[in-house]
Structures are given as structure tokens and as C-alpha cells.
Amino acid sequence: MRKILSMQELSEQEIVRREALQKLIDFGIDPYPAAEFPVNILANEVKEKFAAGEELKEVVLAGRMMSSRVMGKASFAELQDASGRIQVYIARDEICPSEDKTLYNEVFKKLLDRGDFIGVKGYVFKTQVGETSIHVEELTLLAKSLKPLPVVKTDAEGVVHDAVHDAEFRYRQRYVDLVVNPGTKEVFMKRTKLYSVFRDYFNEHDILEVETPILQAIPGGAAARPFITHHNALDMPLYMRIANELYLKRLIVGGFDGVYEFAKDFRNEGMDRTHNPEFTVMEIYVAYKDYNWMMDFTEKLLEKACIALNGTTEIEYGQHKVSFKAPFPRVPMLDAIKQHTGVDISGMDEDALRKVCNDLGIPVEESMGKGKLIDELFGEKCEGHYIQPTFITDYPVEMSPLTKKHRSKEGLVERFELMICGKEIANAYSELNDPIEQRVRFEEQMRLADKGDDEAMMIDQDFLRALEYGMPPTSGMGIGMDRLAMMLTNQHSIQDILFFPQMRPEKKAEKKVELNETEKLIFGILSKNSPMDLNDLKTQSGLSGKQWDKGIKGLASAGLTKVTKTDVGLTVEAV
RNA sequence: GACUCGAUAGCUCAGCCGGUAGAGCAUAACACUUUUAAUGUUAGGGUCCUGGGUUCGAAUCCCAGUCGGGUCACCA
């Protein structure tokens, strides 16, 4: 027989459940059976099919028991499976046809708890109150739950009571959040749906899903601080990828016409409502296309995704109403700046730009080149205005080292970013495929780095070698999946669309094993003269009120003393 | 990184001017043998985040720390 260990440290309810577990075992019931439980329907399917008039004579469901209302010889309980909840009706004489009523009276009524996984077999009927329910003929315990779930109740008006709101609780124990807050599950199911809409769309276009290295010797393709790790056998540092762009382009060189990857990227930077150290970017590269084609492709993709998730192209994000109806407006960056600042910066040199920034009160640094200055200008004065999905096009060459020069506009590149609710959601180029030009751009980045720009890119010689073999004209695009998921599910923190957002580790208060000085002092006096009056002991110890209090409580919790109340007062004795 | 708010029973939260902690739900027992946030009665349940200080006395006031949230800055 199994021994249940160490009941100290457990809450009353946890102890009760462990005792129930032992009793179940004593009844010969395996609380964690191994056998397959042959479910043949989900809760929501039962409701749908029954509502459609289908007769359901033998359904088998499994899930967590989320509540139970025991009413003598019959009980109602709620079963929650992956699809939702359904009421089950359990009659004593139904599940216990013989004289032995143990299964109902003892097992169901006393030993099963909220949160336990159970399986039921029975038929579907409608109760007096009109609730579709399962009339249970067989009841099976599938897994015992030892920790009580938070109690969240919904009343007749649909008002939710005592929902678990505490962010820390929800993020650290997402499994509980998912069980108890139905909205959470919905958000994550939408997120998954988003991925499958993307995959379907790309696969329809014969674009190949691929995987590229996460551990990279040179972290390329973006400007960001990487995580560094170490490979023991090779005895060399490796970086966690900050982007997968350069690898996907190598595959285009290799002859694939289109590739995409949902890439976990890692950036060793600050964390806030829109930044988690690991996050997902979908990058896609398609040969023989340009950034105009990619805009068409992107707006259709996002419209499709929005409809798939929300059933409409019109959604709300916070106080904003956002329309994902394609096509989206396309605004050249310099036009955007002109529109929102009144200044036409086309053709300006670095000094003139710096003056414009100063005049507009935008703080600039000496290390900022022309591209960076324009970026600041746009970021400070324009970005926030683009609530509706808008393609901002044609960026300065200095801030786009991997992008092809614009076919007609001097000093610019063929690049767009998609802005929604003032945030960058997608970033795309006509990819630079001239290897000599690419080398020059990397060298410019090196000069920026020397000037103090810590975001400048490192040179990837192998990538240049690949380009020298020839890469077809290609358009590439990256979408921040987390931020897009936030918008399409109306969530305002990245933590709410990641199952397990990064958190500092929980610190458990250390379990005290040894007595501290105060406790030793008190125990020393007591052990010479036990039992003794509590107040005498306190006086003799000469401790301050707080020290005394801590000491005596510490001793009691260590099980070394016992306080008894008499008519005279409190007496302490050493145990 | 700066500022700010929070941490009390399994959960949601009260706790006043400093006097050793309360409610609802949950749990346990009993009743009722009935459906629906079932009901009634009773009971049990606490390292008041941690450490220090002030005080005769601290959940409460002060200081430091831990963890979390928000705002801003930085960063895409």
C-alpha cells in the first residue's frame, strides 16, 4: 500500500484530498488508472447534436469535474472537457445497481473533488429546467486532483464571480488559468488558428515551410543584442538567433522559389508589455517577386486571418476600431514625415536633418547617421498616427542594409513596414541580391558600429559567398506573430498571448531547520523549568515584544513547545 | 533604469486613529432527498511576502529587500 508522506506544509484542503486519495486506494480504486478511456464525443458536440434533435443513447465523455451538487439519491455535476462544460446527472441506483451503494455514497459523494478527472458513460436528456445533461450509467475516476482549483462561478445573469485576475498567478500557473478562465483558452486557440491560416495560405502558394538554425555562430539579419551560449564539444561561443533572414535567403540561393519559417527569436533586451526575451517572427521569402507584390500578398493574408479569427474584418483594439479590409493605404515615408511635420526632408543631408530634428524637439545623438535621424523623425512624429493598417514605404538606405536600392528614388530602398495601431507589425523588402553592393552595405554598418551605433550589423562572410553564387530577385517579409496575435485577440500585454511568459523564478521562503538565537534562548529557559507561565518566561527571556513573539511562534511551529490555556493564564511546556 | 501601486485563509477581497485577524465562495460534519453562482446550521482553516526598526504592543507606522502590475524612459 502506498504511504502518503509529509502532511505538514499542506493546507487543510490538500490534506483532505490526500486522505481521500488513500481511501480510494483502500476501496481498491486506482486513482491514476493506466487504461485508455474510449471517449466518443465532446461536451459541445453533445449540446449541438442534441439541440439538432439527434438522439444520443450512449455517449462517453471525460474531463474535469468542475462542480457537484449532491441532493440525496441524485446529484448533478459539471464536466469540463477540451470543448467546454456539460452537466451530468448521477443517480445513486443507476451507478450502483446492486445492494452495494459505496460507489455513490462514499466514492462520488465524499471522495471525488472539484478538479478530479472523471469519465462518464450514459445517455443524453434534458432536465426539468431545460439543461442538456448526461444521465450517467457508469462513472470512472480517471485522475485524482490533489490541489484545489480556484473557484470561479458564473451566476444566472452570466456575471463571473471571483475570477482569477492576479497576473502573477495566471502567468506562473497558466495551467490553472486555462482550466478556470475560459477566455484564456479562447485567446490561445485563436493564436493557433492564426498560425494555421498563415500556413494554409503559404502552402496554397507552394511556399515551403523550413527550419533553420537557432544556434548561430554569427547572429545576423537584425540589429539586436543576442543571448550568448557555449558549445562544449566545439569549445566555441554560439548565439541564439535574433533573426533567420540570412539563412532563408541562402535557401533561395539554393533554388527554392519560396520558403517560410515560424522562428523563435531571442533578444537580450528589456522586457515590457510588448517585449518578451523570446518571441516568434514569421519570415517568408519568395523568388522573382518585389515588395509591391509582397504588399498585395500581405494585406490579403491579414484580411483572411482577421476573418478566420473574428468572423469579420472590423475589430476593436482597446479604444481603437481597426479595419483589416484590404487593400491597405500605402504611404511613402517621406510623405508621411511631410504630412505630420510640414517639413519636406527629401534631398536633405545629415546636418540639415539634424537641424530639423532639433527644431522639432527630437533628441538626437552625434552617432546618428542620416538614416537613423529619419527613423527618429518618423518614430517620434508619425508612427503613432497610423491606427488603421498602413504600409509605410521607401525607407532611407542607411537604415536598411539588406534591402535593394529603390528602382527610381535616389537614396531610398524598396522596403515597407506595416503599421497598425501605431505599432510595426510587418517589415519587408525587395531583397538586396547584388553581392558587391551587399558587401559595401555591411562595411557601412561596420563604420556605423565604429561610430558608436551598437545596433549595426555584423558581417556574415558565408552569406556574402552565397550571394556571389547568385540569388534571384526576391521579396521577403517578416511578421511579429506575438504582436499580431495581440491585436487580433484584443490583448494588450505580450504575456497574455504567450502561454509561459518569461518570469523571475519564484522564491520559496526557506524552510527553517535550525533554531535561531532567540529561540534557543527561550527554549533554554523553558527546558530547565517546564511547564511555566507564559508571562514569566517572557520576562525571564528579557526579549523585546517582537523578538519574543517571533521566538515563541518559531518554537511552536517547530513543534518544540505547547501553549495551554488555563483559568490562571497561559502555560508553556516543552514537548 | 525611474516613478507608482500591490502582496492577508485554497480563491476573491475587507481590515478605520497601532490593541495577536474577518466575509463570501471553497473545505468538513449534519440536515433537507430537492437541481443549477442549489439551500440551512455548525465547525475547522492564517509565517498577514521577507528582514530590520519605532512602540508596552505592528497586518497596520518607518527603512531595506523579494516578487508582481501599471506609467515613463531605453529598445524594435
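Quick note on labels: first sequence line is chain A, next is B, and so on, each numbered from 1. Being a predicted model, the structure only gives us computed values, none of them experimental.
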Inset, instruction - Report yes if the distance between the aromatic ring centroids of A:Y386 and A:H340 is under 6.0 Å, otherwise no. - result: yes
Inset, instruction - Taking only the side-chain nitrogens and oxygens of A:R17, find out if one of them lies under 4.0 Å from OP1 or OP2 of B:U27. - result: no
Legend entry - Rounded distance in Å - NE2 (A:H135) to P (B:U35): 15 Å
Legend entry - Members of residues 269-281 of chain A that approach RNA chain B, where some heavy atom sits under 4.0 Å away: A:E269, A:D272, A:R273, A:H275
Inset, instruction - Decide whether A:E94 and A:H135 meet the rule of one side-chain donor and one side-chain acceptor closer than 3.5 Å. - result: yes
Inset, instruction - Could you state the atom-to-atom distance from CD of A:Q495 to P of B:C67 in whole Å? - result: 15 Å
Legend entry - Rounded C1' spacing from B:C25 to B:A59 in Å: 23 Å
Legend entry - Nearest heavy-atom neighbours spanning A:E417 and A:N427: CG-OD1, 3.6 Å
Legend entry - Neighbour count >12 (heavy atoms, 6.0 Å) for atom NZ, A:K423: no
Legend entry - Phosphate-side-chain proximity, A:R172 and B:G68, N/O vs OP1/OP2 below 4.0 Å: yes
Legend entry - OP1 or OP2 of B:U35 under 4.0 Å from side-chain N/O of A:R69: no
Inset, instruction - Verify, without hydrogens or angle tests, whether A:R64 (side chain) and A:G115 (backbone) share a donor-acceptor contact under 3.5 angstrom. - result: yes
Inset, instruction - Could you tell me whether the side chains of A:D394 and A:Y291 share a donor-acceptor contact shorter than 3.5 Å? - result: yes
Legend entry - Closest listed nucleotide, where the reference is the side chain of A:Q128 and the choices are B:C67, B:U35, B:G44: B:U35
Inset, instruction - Please report, rounded to the nearest Å, how far the P atom of B:U8 is from the CZ atom of A:F169. - result: 12 Å
Inset, instruction - With C1' as the reference atom in both, quote the distance from B:A58 to B:C48 in angstrom, rounded to an integer. - result: 11 Å
Inset, instruction - May I ask you to check whether A:E283 and A:Y285 show a side-chain donor-acceptor distance below 3.5 Å? - result: yes
Inset, instruction - Just call it for A:A163: base, sugar-phosphate, or nothing, with non-hydrogen atoms closer than 4.0 Å on any strand. - result: sugar-phosphate
Inset, instruction - Check the distance between B:A9's C1' and A:D166's CG and give it to me in whole angstrom. - result: 15 Å
Legend entry - Interatomic distance, A:Y89 OH vs B:U36 P [rounded to whole Å]: 14 Å
Inset, instruction - Pick the P atom in B:G18 and in B:C61, then give their distance to the nearest Å. - result: 8 Å
Inset, instruction - May I ask you to say what A:V180 touches in the nucleic acid, namely base, sugar-phosphate or nothing, with a heavy-atom cut-off under 4.0 Å? - result: nothing
Inset, instruction - With heavy atoms under 4.0 Å as the rule, sort A:R267 into base, sugar-phosphate or nothing. - result: sugar-phosphate
Inset, instruction - Check the distance between B:G6's C1' and A:R170's CZ and give it to me in whole angstrom. - result: 16 Å
Inset, instruction - Measure from the side-chain heavy atoms of A:V164 and tell me the nearest of B:C11, B:U35, B:G10. - result: B:C11
Inset, instruction - Taking atom P in both B:C75 and B:C17, compute the distance separating them and give it to the nearest angstrom. - result: 45 Å
Inset, instruction - Provide the distance between the two P atoms, one in B:A23 and one in B:U42, to the nearest whole Å. - result: 12 Å
Inset, instruction - Hey, which sits more toward the 5' end of RNA chain B by its nearest nucleotide, A:L149 or A:R114? - result: A:L149
Legend entry - A:E168 side chain, from C-beta outward: closest of B:G10, B:U35, B:G68: B:G68
Inset, instruction - Using a 4.0 Å heavy-atom cut-off across all strands, classify A:Q87 as base, sugar-phosphate, or nothing. - result: base
Legend entry - A:R415 NZ/CZ over A:Y395 ring centroid, <6.0 Å and within 45° of normal: yes
Legend entry - Heavy-atom side-chain proximity of A:K47 to A:I86 below 4.5 angstrom: yes
Inset, instruction - Find the runs of at least 3 consecutive base pairs, i with j, i+1 with j-1 and so on, that include RNA chain B, using Watson-Crick or G-U wobble geometry with both distances under 3.5 Å. - result: B:1-7 with B:66-72, B:10-13 with B:22-25, B:27-31 with B:39-43, B:49-53 with B:61-65
Legend entry - Greater than 12 external heavy atoms within 6.0 Å of A:K23's NZ: no
Legend entry - Minimum-distance nucleotide to A:T127 side chain [options: B:G44, B:U27, B:U36]: B:U36
Inset, instruction - State which of B:C13, B:C67, B:G45 makes the closest approach to the side chain of A:R504. - result: B:C67
Legend entry - Distance, P atom - from B:G45 to B:U35, rounded to whole angstrom: 36 Å
Legend entry - B:U47 to B:A9 separation - C1' atoms, rounded to the nearest Å: 13 Å
Legend entry - Nucleotide of B:U35, B:A28, B:A29 approaching A:K110 most closely (side-chain heavy atoms): B:A29
Legend entry - Interatomic distance where CE belongs to A:M65 and P belongs to B:U27 [whole Å]: 9 Å
Inset, instruction - Establish, from distance only, whether the side-chain atoms of A:E261 and A:N244 form a donor-acceptor pair under 3.5 Å. - result: yes
Inset, instruction - Just label B:C17 as syn or anti from its O4'-C1'-N9-C4 or O4'-C1'-N1-C2 angle, using within 90° of 0 for syn. - result: syn
Legend entry - Out of B:C25, B:U36, B:A28, whichever nucleotide has its closest atom nearest the side chain of A:V151: B:C25
Legend entry - Distance (rounded to the nearest 0.5 Å) between A:L10 CG and A:I15 CD1: 5.5 Å
Inset, instruction - Can you figure out which of B:A26, B:A38, B:C11 approaches the side chain of A:M71 most closely? - result: B:A38
Inset, instruction - Considering only atom P, compute the distance from B:A26 to B:A38 and round it to an integer number of Å. - result: 7 Å
Inset, instruction - Just call it for A:E78: base, sugar-phosphate, or nothing, with non-hydrogen atoms closer than 4.0 Å on any strand. - result: nothing
Legend entry - Length of the line joining A:F125:CZ and B:U35:P, which is rounded to integer Å: 11 Å
